[in-house]
Amino acid sequence: DITDRKEMEARVTQQAEELQKQNKQITDYFVNISHDFKTPLTIILLSIDLLEQNVCTAKNIAVMKQNCYRLGRLILNLLDIAKIDAGHFEPNWEFVDIIKQIQYLIESVSQYVENKNLKIKSNFSHKEMYICSDSFIIERIILNLLSNAIKYTNSGGQITVTCFISSDKVTLSVKDTGKGIPADKKEMIFNRFAQVNSSSHSFVDCGIGLALTKSLVESLQGKIWFESKEGVGSDFFVELPILNLSQSIKTTDYTAAQYNRRIQIELSDLPN
Ligand code: ADP
C-alpha cells in the first residue's frame, strides 16, 4: 500500500508550487519597487543636467522637488509596510477632530481638483467630532483615497466626501464618478502592487497605496471596504471607532510648514 507515500508526494508538490508562486510575487515586488525608484530619480538627474548647463527654469526645479517628494513617499510607505509586517507599528493615540481634519484635507487637494476640472463636495452629519485616533495616520488614509479619486476620475467628474457619526464609530467615504474597478479585479485591490491596468503606470504608481491604507486603517482598529462599478465610479468607506476618550493620550502639534510638506509628499504622484 503506497497511499501514504502518494499523499506525501502530493503535499510536497503543492508546497513547491506555493513557494514558486511566492517567489514570483517577491520578484515582481522588487521589479515594481525598482521601477518606482528609477522613474523619479531619472527625472531628478535630467533636471540636474539642466542645472549644470545653466538652463534650469523654475518649472524644472518644481519638477525636481516633486520627484524628491515622490521618492520620500515611496520610502515612507515601504518603511511603514516593513514596520507593520514586523509588528512594530504603533499609532500615536490623540484627540482628533475628524471633521476639521477632513475639511483641511479637502482644501489641500483643491488645486489638484481644479487642475483636472473636477468638482469636490462634502457632506457631514456634525460640525465637529473628536475621536481618539492618530491624525497623521488618518491624514494618510484620506489623502490616499482622495488622490486615487482624483487620479482615476476624468475631467468634469465629481468627488464627494461624507462623514457620518453613530454612537461608537465614524464612517467616512470618498466617492467618485471615475472609471471604476472591474468586477474581476475587485478582490485584488488591497493586495500589494495591485494595479488594475498596467497602463496606469504612467505616473509613479507605487500600487502599494491601498494595501498600506488597509493596514493603516486596521492599526486604528477600523475597517475599509468599497463599492465600485466600471464606468460609473467608486465609493471607498472607512469606519473608525470613536474609542474611550478618557484614556491617557498625547496630543501632537505640527507647524504649518511641517503640515504643508507632509501634504506635498502624500500627493506627490498627482500631476501639478
Ligand atoms: P496606485 O498607486 O496604482 O494608485 P493603489 O494601491 O492606490 O495603487 O490602487 C491600486 C489600483 O486600484 C490602482 O492602480 C487602480 O487601478 C485601482 N483604484 C484605486 N482607487 C481607484 C478609484 N478611486 N477608481 C478607480 N480605480 C481605482
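Worth knowing before you read on, the calculation uses all heavy atoms, side chains too, and leaves out hydrogens, waters and symmetry mates. Residues take their numbers from the sequence shown, with the count starting at 1. Ligands are counted one by one from 1 in listed order, and the atoms in each one are counted from 1 as well.
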Can you confirm, on distance only, whether ligand 1 has an N/O atom lying under 3.5 Å from any N/O atom belonging to Ile189?
no
With Thr213 as partner, the option from Asn144, Asn148, Asn77 fulfilling side chain to side chain donor-acceptor pair (under 3.5 Å) is Asn144
Proximal atoms of ligand 1 relative to Leu210 (non-hydrogen, under 4.0 Å):
5 (P), 6 (O), 7 (O), 9 (O), 19 (C)
According to salt bridge (charged side-chain N to carboxylate O under 4.0 Å, His left out), does anything in residues 54-64 pair up with another residue at least two apart or in another chain? List the pairs.
none
Considering only heavy atoms, does Lys151 approach ligand 1 within less than 4.0 Å through its side chain, its backbone, both, or neither?
side chain
Is Gly178 close enough to touch ligand 1? Criterion: a residue heavy atom under 4.0 Å from a ligand atom.
no
Select one of side chain, backbone, both or neither to describe which atoms of Asp176 lie under 4.0 Å from any atom of ligand 1, heavy atoms only.
side chain
Once you measure the plane-to-plane angle for Phe236 and Phe226, does it fall in the parallel (<30°), tilted (30-60°) or perpendicular (>60°) bin?
parallel
Does any N/O atom on Lys179 come nearer than 3.5 Å to any N/O atom on ligand 1?
no
Under 4.0 Å from one or more heavy atoms of Ser234, ligand 1 contributes atoms 22 (C), 24 (N), 25 (C)
When you measure from the centre of the six-membered ring of Phe136, is the NZ or CZ of Arg140 under 6.0 Å away and within 45° of the axis?
yes
Could I get the full list of side-chain hydrogen bond (donor to acceptor under 3.5 Å, both in side chains) partners for Asn60, not counting sequence neighbours?
Thr57
For Glu94 and Ser135, test the side chains for any donor-to-acceptor distance below 3.5 angstrom and give the result as yes or no.
yes
